[in-house]
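Notes for the one structure printed next.
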Amino acid sequence: MTMQTKNLGNAGENLAENLLMSKNYKILAKNFRFGRNAEIDIIAESNNTIIFVEVKTRSNQKLGRPAEAVTVQKQKKIILAANKFLQMNNFFDRACRFDVIEILADNENWKINHIENAFEI
């Protein structure tokens, strides 16, 4: 991963966090890791629901829409980390959902799309 790609990803995650806070979501954790490869970008709470958010930022759509990068394999890793987070915080009685926030960083004209319930267990 190049530094430019990492910076783009970090900028996208910050934009996504600001979007969630503007919707009155409470941010519970960022970059929550379980094991080597299972990570959740943002964990938030809204209306007593725990929301696991994957943020995908792209500078163009040559490889498709950013949300298309959240493959079934990636979803399984997110679900694995989500289960660990729920266990660690004793949140098993809480409703939860999986969202994707896709960001297209096209020069100065960034587009953001919040996809609620993007996938399910």
Side-chain angles (χ1 to χ4, degrees):
M1 178 183 308
T2 67
M3 185 59 78
Q4 186 177 5
T5 303
K6 185 161 179 48
N7 288 342
L8 182 67
N10 289 341
E13 286 184 21
N14 289 336
L15 189 63
E17 181 182 3
N18 289 336
L19 172 74
L20 294 172
M21 290 189 304
S22 76
K23 294 181 174 187
N24 294 318
Y25 286 36
K26 179 182 175 189
I27 305 300
L28 301 178
K30 295 189 324 187
N31 301 313
F32 176 82
R33 289 187 170 277
F34 176 62
R36 285 186 8 198
N37 298 318
E39 180 186 7
I40 301 171
D41 294 325
I42 300 172
I43 302 172
E45 179 182 17
S46 178
N47 298 323
N48 213 31
T49 298
I50 305 297
I51 301 138
F52 301 99
V53 182
E54 177 67 12
V55 180
K56 285 294 177 193
T57 307
R58 297 286 183 267
S59 58
N60 59 57
Q61 295 191 67
K62 289 178 186 167
L63 300 174
R65 291 184 47 216
E68 292 172 10
V70 186
T71 62
V72 171
Q73 183 179 3
K74 178 73 173 167
Q75 291 173 20
K76 287 179 181 177
K77 291 178 181 179
I78 294 168
I79 291 166
L80 182 70
N83 281 329
K84 185 63 176 177
F85 181 84
L86 293 171
Q87 179 185 4
M88 288 173 60
N89 293 283
N90 198 23
F91 282 159
F92 286 114
D93 59 334
R94 304 284 289 279
C96 65
R97 73 171 198 245
F98 297 91
D99 292 5
V100 172
I101 295 180
E102 62 176 3
I103 300 167
L104 189 59
D106 184 17
N107 297 321
E108 299 299 315
N109 197 11
W110 289 40
K111 296 183 183 105
I112 187 165
N113 181 25
H114 183 183
I115 305 164
E116 296 183 7
N117 290 305
F119 60 92
E120 296 181 0
I121 296 178

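Side chains included, hydrogens not; waters and symmetry mates left out as well; all remaining heavy atoms used.
More than 12 non-hydrogen atoms from other residues, nucleotides or ligands lie less than 6.0 angstrom from NZ of K74. Counted within 6.0 Å of CG on N60, heavy atoms from surrounding residues, nucleotides or ligands total more than 12; the atom is thus considered enclosed.
Nearest approach of T57 to A105, heavy atoms of both residues: CG2-CB, 4.4 Å.
Linking Ile, Leu, Val, Met, Phe, Trp and Tyr whenever their side-chain heavy atoms come within less than 4.5 Å leaves F52 and I27 in two separate clusters. Grouping the Ile, Leu, Val, Met, Phe, Trp and Tyr side chains by contacts below 4.5 angstrom, directly or via other members, places V100 apart from Y25. There is a path of hydrophobic side-chain contacts, each under 4.5 Å, that joins I103 to I42. Note on F119 and F32: same hydrophobic cluster, where clusters join Ile, Leu, Val, Met, Phe, Trp and Tyr whose side-chain heavy atoms are under 4.5 Å apart, directly or indirectly. In the hydrophobic clustering of this structure, L28 groups with F92; members are Ile, Leu, Val, Met, Phe, Trp, Tyr whose side-chain heavy atoms approach within less than 4.5 Å, directly or through other members.
Among E116, E45, E120, the single residue meeting the salt bridge (Lys or Arg N to Asp or Glu O under 4.0 Å) criterion with R97 is E116.
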Contacts table for residues 76-90: side-chain donor-acceptor under 3.5 angstrom, sequence neighbours left out:
| from | atom 1 | to | atom 2 | distance (Å) |
| --- | --- | --- | --- | --- |
| N83 | ND2 | I79 | O | 3.4 |
| N89 | ND2 | F85 | O | 2.9 |

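A distance of 5.0 Å separates CG of L8 from CH2 of W110, quoted to the nearest 0.5 Å. A distance of 9.0 Å separates CD1 of I50 from NZ of K26, quoted to the nearest 0.5 Å. Rounding to the nearest 0.5 Å places CD of E13 at 9.0 Å from NZ of K56. Note that CD1 of I43 and CG of D41 are 9.5 Å apart. Values are rounded to the nearest 0.5 Å. Atom CG of N10 is separated from atom CG of N31 by 7.5 Å, given to the nearest 0.5 angstrom. Of the inter-residue distances, the one linking L104 atom CG with I112 atom CD1 reads 11.5 Å to the nearest 0.5 angstrom.
We find that E39 and R33 are joined by a salt bridge, their nearest charged nitrogen and carboxylate oxygen being less than 4.0 Å apart.
Annotation: side chain of D99 is in contact with side chain of V53 (closest heavy-atom distance under 4.5 Å). Between E17 and L20 the shortest side-chain heavy-atom distance does not fall below 4.5 Å. The shortest distance between side-chain heavy atoms of I121 and F98 falls below 4.5 Å.
With sequence neighbours left out, E68 forms a side chain to side chain contact (heavy atoms under 4.5 Å, CB included) with R65.
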